[in-house]
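Given the structure is predicted, the values throughout are model-derived calculations rather than measurements. Basis for what follows: all heavy atoms, side chains included, without hydrogens, waters or symmetry-related copies.
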Amino acid sequence: MPELAEVEFYRKQWLPAIGERVRKVHLHPGARIFRETDPARLASTLEGRRFLKAEAHGKQLCFRFSENLWLGLHLGMSGKLASAEPEMVPARHDHLVLVMPHAALVFSDYRKFGRVRFHEGASPPDWWSDLPPQPHEPAFDRPRLEAIIRHHPRKRLKGLLLDQDAFPGIGNWMADEILWRARIHPATKAGSLPATKRRRLFEETRAVAQQSLELIGNDWSTPPDSWLFPHRWKRGDLCPVSGKPLQHETICGRTTCFSPAIQKEIH
């Protein structure tokens, strides 16, 4: 599932077409990604509009077009954005294609859990303006983290980090990375954290968000071996800090990787 950094990378795939007008729209009107909008109206409204701006927030994207048109995309579990030649023929899972003079902007999603929205108006739609602050933004500060913990004291930290109302953009691998760096067991309940661990959680959340944007979000670079990331995918791999085996468990309904040697559960 695309997370904060992957979504930023995909945002950049459409940037070469900024300033151009939409010449034609290809779409699969029966695709589930259009469950919140009218695909025929979307296509007719987009044609002729100039592409002005591309933004990412958490796991969501928003594209501005001329005449106050807002196009929102959620990548779901398998959504991807790409740029292709204008003459490309949409493939089976290319559910939305905007044909521009020098490129075709493609939204593909083979599992169809993604979502398309659009809005016409001078002000941004609520589904964009009401999003909570992202972990790497100044508005995501210590008081905000403390308030999140106070509101969810019994929630296990793995599940809390995946809550998009609290930590927009944080997904499975990023949550594991944060908790591994903070030396916190993923099954620990939020209200059990002492002040020192809450501070560490805040620092590592911001660090992982920022560093992943600089690496993956920039050019899809693979994080270094000093991160948990390269080791969490292989069963039997070793923790790069302790040198002892990593463990995989299902916690809060998600496959979770952690290092029992350095991540002790706090009760």
Side-chain angles (χ1 to χ4, degrees), residues 1-9 58-59 77 133-137 140-142 144-146 148-149 152-218 220-267:
M1 177 182 292
E3 303 183 26
L4 182 75
E6 289 93 344
V7 172
E8 171 61 12
F9 174 82
K59 298 185 178 186
M77 297 186 69
Q134 301 176 93
H136 59 286
E137 295 176 330
F140 190 96
D141 52 16
R142 275 293 302 278
R144 177 166 180 78
L145 178 66
E146 296 292 342
I148 291 170
I149 291 175
H152 303 280
R154 298 181 62 80
K155 199 164 186 176
R156 300 190 185 278
L157 284 167
K158 177 59 183 277
L160 184 56
L161 282 169
L162 297 177
D163 185 338
Q164 297 304 292
D165 290 329
F167 299 89
I170 301 299
N172 205 29
W173 78 258
M174 291 182 74
D176 286 354
E177 187 76 35
I178 291 165
L179 294 171
W180 174 76
R181 291 192 189 190
R183 308 295 191 261
I184 300 171
H185 193 285
T188 300
K189 293 182 178 178
S192 301
L193 285 181
T196 54
K197 286 295 186 181
R198 295 199 302 271
R199 182 175 64 251
R200 186 74 180 273
L201 178 65
F202 172 75
E203 292 169 349
E204 298 301 349
T205 298
R206 289 187 64 86
V208 170
Q210 189 60 53
Q211 292 167 16
S212 65
L213 283 169
E214 293 169 358
L215 284 167
I216 301 169
N218 184 42
W220 208 264
S221 294
T222 300
D225 283 346
S226 58
W227 288 34
L228 176 66
F229 182 93
H231 308 276
R232 72 179 301 277
W233 314 99
K234 297 179 289 186
R235 302 285 175 145
D237 210 340
L238 303 179
C239 170
V241 171
S242 68
K244 296 184 178 180
L246 294 168
Q247 187 168 324
H248 291 80
E249 289 184 12
T250 299
I251 298 175
C252 299
R254 301 297 298 276
T255 300
T256 302
C257 179
F258 62 99
S259 176
I262 62 172
Q263 293 173 263
K264 306 295 185 182
E265 189 169 356
I266 302 170
H267 297 284

Closest heavy-atom pair, Cys252 versus Gly159, reported as atoms and distance to 0.1 Å, is SG-N, 3.4 Å
Smallest separation among heavy atoms of Pro2 and Met77, with atom names:
CD-O, 3.5 Å
Checking Val241 against Ser259 for the side chain to side chain contact (heavy atoms under 4.5 Å, CB included) test, could you report, in this order, the C-alpha distance in whole Å, the side-chain angles of both residues, the deciding distance, and whether it holds?
CA-CA 9 Å; Val241 171; Ser259 176; over 6 Å; no
Can you check whether His231 reaches Asp225 side chain to side chain, under 4.5 Å on heavy atoms?
yes
When rounded to the nearest 0.5 angstrom, what is the spacing between CZ in Phe202 and CZ in Phe140?
7.0 Å
For the CD atom of Glu203 and the CZ atom of Arg198, what is their distance to the nearest 0.5 Å?
13.0 Å
CD1-CD distance between Ile170 and Glu3, expressed to the nearest 0.5 angstrom:
7.5 Å
For a side chain to side chain contact (heavy atoms under 4.5 Å, CB included) check, start with the C-alpha distance between Asn172 and Lys158, then their side-chain angles and the critical distance, and finish with the verdict.
CA-CA 8 Å; Asn172 205 29; Lys158 177 59 183 277; 2.6 Å; yes
Distance check, rounded to the nearest 0.5 Å: Gln263 atom CD versus Cys257 atom SG?
8.0 Å
Indicate yes or no: at least one non-hydrogen side-chain atom of Leu201 is less than 4.5 angstrom from one of Leu179.
yes
Please give me the minimum heavy-atom distance between Lys189 and Pro153, naming the atom from each residue.
CB-O, 3.7 Å
Can you tell me how far apart CG (Leu157) and CD1 (Ile178) are? Round to the nearest 0.5 Å.
10.5 Å
Quick one: does Glu6's side chain get under 4.5 Å of Ile216's, heavy atoms only?
yes
Can Ile262 and Trp180 be said to form a side chain to side chain contact (heavy atoms under 4.5 Å, CB included), step by step?
CA-CA 8 Å; Ile262 62 172; Trp180 174 76; 3.6 Å; yes
Verdict with supporting geometry, Leu160 and Phe167, side chain to side chain contact (heavy atoms under 4.5 Å, CB included):
CA-CA 8 Å; Leu160 184 56; Phe167 299 89; 3.9 Å; yes
Would you say the side-chain atoms of Lys197 pair up with the backbone N or O of Ala182, donor to acceptor, closer than 3.5 Å?
yes
Could you check whether any side-chain heavy atom of Pro224 comes within less than 4.5 Å of a side-chain heavy atom of Leu215, counting everything from C-beta outward?
yes
Under the rule for salt bridge (charged side-chain N to carboxylate O under 4.0 Å, His left out), what residues qualify as partners of Arg200, not counting sequence neighbours?
Glu204
Mind checking the NZ-CD1 spacing from Lys155 to Ile148? Nearest 0.5 Å is all I need.
10.5 Å
Parallel, tilted or perpendicular: which describes the rings of Phe229 and Trp173, with under 30° parallel and over 60° perpendicular?
perpendicular
Test Arg232 against every option in Thr255, Asp176, Asp237, Thr256 by the side chain to side chain donor-acceptor pair (under 3.5 Å) rule and name the one that passes.
Asp176
Using only atom types and a distance under 3.5 Å, with no angle test, would you say the side chain of Arg156 pairs donor to acceptor with the backbone of Ala190?
no
Can you name the nearest heavy-atom pair linking Gln134 to Gly58, along with the distance?
OE1-N, 2.7 Å
Looking at every non-hydrogen atom in both residues, tell me the closest pair between Pro133 and Pro168 and how far apart they are.
O-CG, 3.2 Å
If I compare all heavy atoms of Ala209 with all of Pro135, which pair ends up nearest, and what's the gap?
CB-CB, 4.1 Å
